[in-house]
Each structure stands twice: as structure tokens, then as C-alpha cells.
Amino acid sequence: MSKPPPSPPSLQDLRKEIDAIDEQVHRLLMARGDIIDRLIQVKKTQEVGSAFRPAREASMMRGLVERHRGILPLDTIESIWRVIISTFTYVQAPFAVHADVSVSEPAMRDSARFHFGFVVPYVAHFSAQAAVDAVAKSKGDLALVSAIASRTPWWNALEADGAPKIIARYPFLERADHPAALPVFVVSRVADDAMVTEVQTWSVRVSGWNADVARALAPLAEIVAVPDTAFDGAALLVSVAGIGFEEIKLALIKAGASVRSSALVGSHTTRYTVPANGSAKP
């Protein structure tokens, strides 16, 4: 006679397995904390600017997507890891997040909480300029400002040597129905070796700006534009990937605009697009 199939595990047995895994996860997080404590002693937190590391974070997020599988939503995994990264960064060198809520207070708060958790202090400001000014007066704070619209050319304040720069663009993992979908730039001071230069951001003042010039530039770069009365034109924040800024300048001139000034005001990594049907490996 054939043997009867084994009985399925009981709920009690499965819950014991979950408890064991939870304990392992907690112990691993505490072990990570011990390493961070040793790292603090080695670095002595004497680095200039924020302890934030955009290049390392981008690498970690890419690896997270590529190895993820199973029923747990990618949103949950990304949020958990971002809280871990941000909290341990805060432990190394405390910082605050200054957010421009003039675009949408709920959406900006969602972005801040998703990417930085609840331990990192959150400070709301009613303009991008106020958020950037707060960062300029700090040692390692961050500002979150809209990456797609603005009322004023706040990026002009990033042109000077020693000024904060754009160091990241969120959300880094692009996908449909992202819980923190508001496009934002992260502005701060970070060490030169921590910067990512895949996408450069330029502050540009032009005269002769109009709809035709905007259409000519649209295929080449992402642009935020506001009126600039000083030059009877526009102040632009231009994000360029894969081509040099000289090509942008030539395109502006060819379309009939005059470039009055330009300055590099930051850079960030290329965003990682998650396929609609590929949020997790089978």
C-alpha cells in the first residue's frame, strides 16, 4: 500500500517559522547597527556635507529590484530598505529634510516619509527657495523640491561655489502607481566622490524663450522654465543625460534663443524603470 501524503504543517508550526525569521531579521539589523557604529569611529563624522551617498543608494536599489521575487509588493520592500538606509545615515550624521510644500503638501509629505521614514526630522516650507536656503545654512540637511514645476528660479542659488547642489531625483524606481510618485529633486551638500553624474542639471538664462524653442529642446532634455524679467526671457533648469551641454546650447541658438549664462548646479543618477509586468522575478 502506498503511504498517505504527509500532513500539512499546522498554523502553530508556520507561526514558529515566522517568529524565527523575524528574530533573524532583527538580529541582522542590530548587527548592521554595530557595523555602522564602527564606521562612525573610522570616519569620525568629519566629512563635508551630508552623509547621504546617492551612488551607493542607487546601486542598492537596483540590486533590490533585480533579486526581488514572491508575493511581497516591491513598494513594501523599497520602503523598508529606504527607511533602513535613511535611519542609519541619520545615526551617522543627523540631518533634517526641508520640503517645499507649495506644490502639494500631502504628496511632498508622502515622498519624504517614504524615502526617509519618521526618525529623520521633516520641516515644511512654503517655497522651494526657503527650503534651499535652510539647507544652505546647515551642515548636511536635505531639501526636497519639485522636479517638474516652479514659481521661481530657486536653482539660481545653487550656482555659486560651495553652494548646495542637486544630488538626486526621486522616485528613483519608476513604476506605475508608485506610492510616492511626486517627482522631486534632492538638494544638499555631499562629498565629491559620492556624486553621480549620469544626468547633469544646469541653470540656464536665455532670452527669446517661446513655445517653439521649448518644443525644439523637449526631445533633448527635461526642462523647468520660469519667466526671467532681467533678460526678457526665461530661467531654465535643464536636466541632460547622454549628451553634452554644448548640444543643448546649440539647439537653443538654432531655435532662435540666446544663452545669457549657464552653470552646472548638480547631477543625479539615471532613474530605474521597473517593467509593468516585472516588479518581481518569477
Side-chain angles (χ1 to χ4, degrees), residues 18-19 21-40 43 45 49-101 104-124 131 135 138 140-145 147 167-188 190 194 196 268-269 271-272 274 279-280:
I18 291 173
D19 289 344
I21 291 172
D22 287 347
E23 182 179 343
Q24 291 178 50
V25 170
H26 188 195
R27 291 187 183 280
L28 287 172
L29 286 173
M30 290 189 291
R32 194 184 198 278
D34 291 339
I35 295 172
I36 294 296
D37 192 32
R38 287 154 47 199
L39 180 66
I40 292 172
K43 292 166 59 175
T45 62
S50 173
F52 191 61
R53 290 293 178 271
R56 178 164 168 75
E57 179 193 290
S59 176
M60 292 174 72
M61 290 297 107
R62 290 189 185 102
L64 197 71
V65 175
E66 290 166 1
R67 70 172 175 262
H68 186 58
R69 61 178 178 81
I71 65 172
L72 191 62
L74 182 59
D75 290 338
T76 302
I77 289 296
E78 183 189 2
S79 178
I80 290 171
W81 249 258
R82 287 202 173 277
V83 170
I84 291 172
I85 293 169
S86 297
T87 302
F88 279 119
T89 301
Y90 178 78
V91 169
Q92 291 181 60
F95 66 95
V97 172
H98 299 269
D100 167 27
V101 300
S104 169
E105 197 282 334
M108 186 61 79
R109 183 177 290 272
D110 284 348
S111 180
R113 292 312 187 198
F114 183 89
H115 291 99
F116 299 100
F118 287 86
V119 171
V120 177
Y122 171 86
V123 184
V135 167
S138 74
D141 289 357
L142 308 176
L144 299 183
V145 297
I167 62 170
R169 201 271 200 189
Y170 288 157
F172 171 66
L173 298 182
E174 294 275 12
R175 58 187 179 279
D177 301 322
H178 195 291
L182 181 68
V184 298
F185 284 124
V186 181
V187 177
S188 187
V190 295
V196 186
H268 61 84
T269 189
R271 301 189 298 281
Y272 188 108
V274 180
S279 60

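As the structure is a computational prediction, the values presented were derived from the model and not from experiment.
- A parallel orientation is assigned to the rings of His115 and Tyr170, their planes being inclined by less than 30° (bins at 30° and 60°).
- The local environment of CZ in Arg56 is sparse, with at most 12 non-hydrogen atoms from other residues, nucleotides or ligands closer than 6.0 Å.
- Scanning both residues, Asp141 and Ala96, for their nearest heavy atoms gives OD1-N, 3.0 Å.
- The heavy-atom pair separating Gly140 from Ser188 by the smallest distance is O-OG, 4.0 Å.
- Side-chain atoms of Ser111 never come within 3.5 Å of backbone atoms of Met108 as a donor-acceptor pair (strictly under, hydrogens ignored).
- Glu78 and Arg175 are joined by a salt bridge, as a carboxylate oxygen and a charged side-chain nitrogen come within less than 4.0 angstrom of each other.
- Shortest non-hydrogen contact noted between Ala143 and Ala131 is CB-O, 3.8 Å.
- Between Leu39 and Ile36, the closest side-chain pair of non-hydrogen atoms falls below 4.5 Å.
- Under a cut-off of 6.0 angstrom, the local environment of CG in Asp177 is sparse, with at most 12 non-hydrogen atoms contributed by other residues, nucleotides or ligands.
- Side-chain contact of Thr87 with Arg82: a donor-acceptor pair under 3.5 Å is absent, judged by distance alone.
- Smallest separation of non-hydrogen atoms from Gly33 and Phe88: CA-CE2, 3.4 Å.
- Side-chain contact between Ile167 and His268 is absent, with no heavy-atom pair separated by less than 4.5 Å.
- Note: Phe172 CZ to Thr269 OG1 = 4.5 Å, rounded to the nearest 0.5 Å.
- Within the 4.5 Å cutoff, the side chain of Val65 has heavy atoms near those of the Val274 side chain.
- The heavy-atom pair separating Ala147 from Arg169 by the smallest distance is CB-NE, 4.0 Å.
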TODO: May I have the step-by-step check of side-chain hydrogen bond (donor to acceptor under 3.5 Å, both in side chains) for Ser79 and Arg113, ending in yes or no?
DONE: CA-CA 9 Å; Ser79 178; Arg113 292 312 187 198; over 6 Å; no

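- In this structure, the separation between CD1 on Ile84 and CD1 on Ile80 is 7.0 Å, given to the nearest 0.5 Å.
- Taking the side chain as every heavy atom from C-beta outward, Leu144 and Asp100 never approach each other to under 4.5 Å.
- Note: Trp81 CH2 to Leu64 CG = 6.0 Å, rounded to the nearest 0.5 Å.
- Side-chain contact between Leu182 and Asp110 is absent, with no heavy-atom pair separated by less than 4.5 Å.
- Aromatic ring centres of His178 and Phe114: separated by under 6.0 Å.
- Note that the CG atom of Leu29 and the CG atom of Asp34 stand 11.0 Å from one another [nearest 0.5 Å].
- Residues Phe116 and Thr89 form no side-chain contact, since every pair of their non-hydrogen atoms from C-beta on lies 4.5 Å or further apart.
- The pair Arg27-Glu23 meets the salt-bridge criterion, with a side-chain N (NZ, NE, NH1 or NH2) lying under 4.0 Å from an Asp/Glu carboxylate O.
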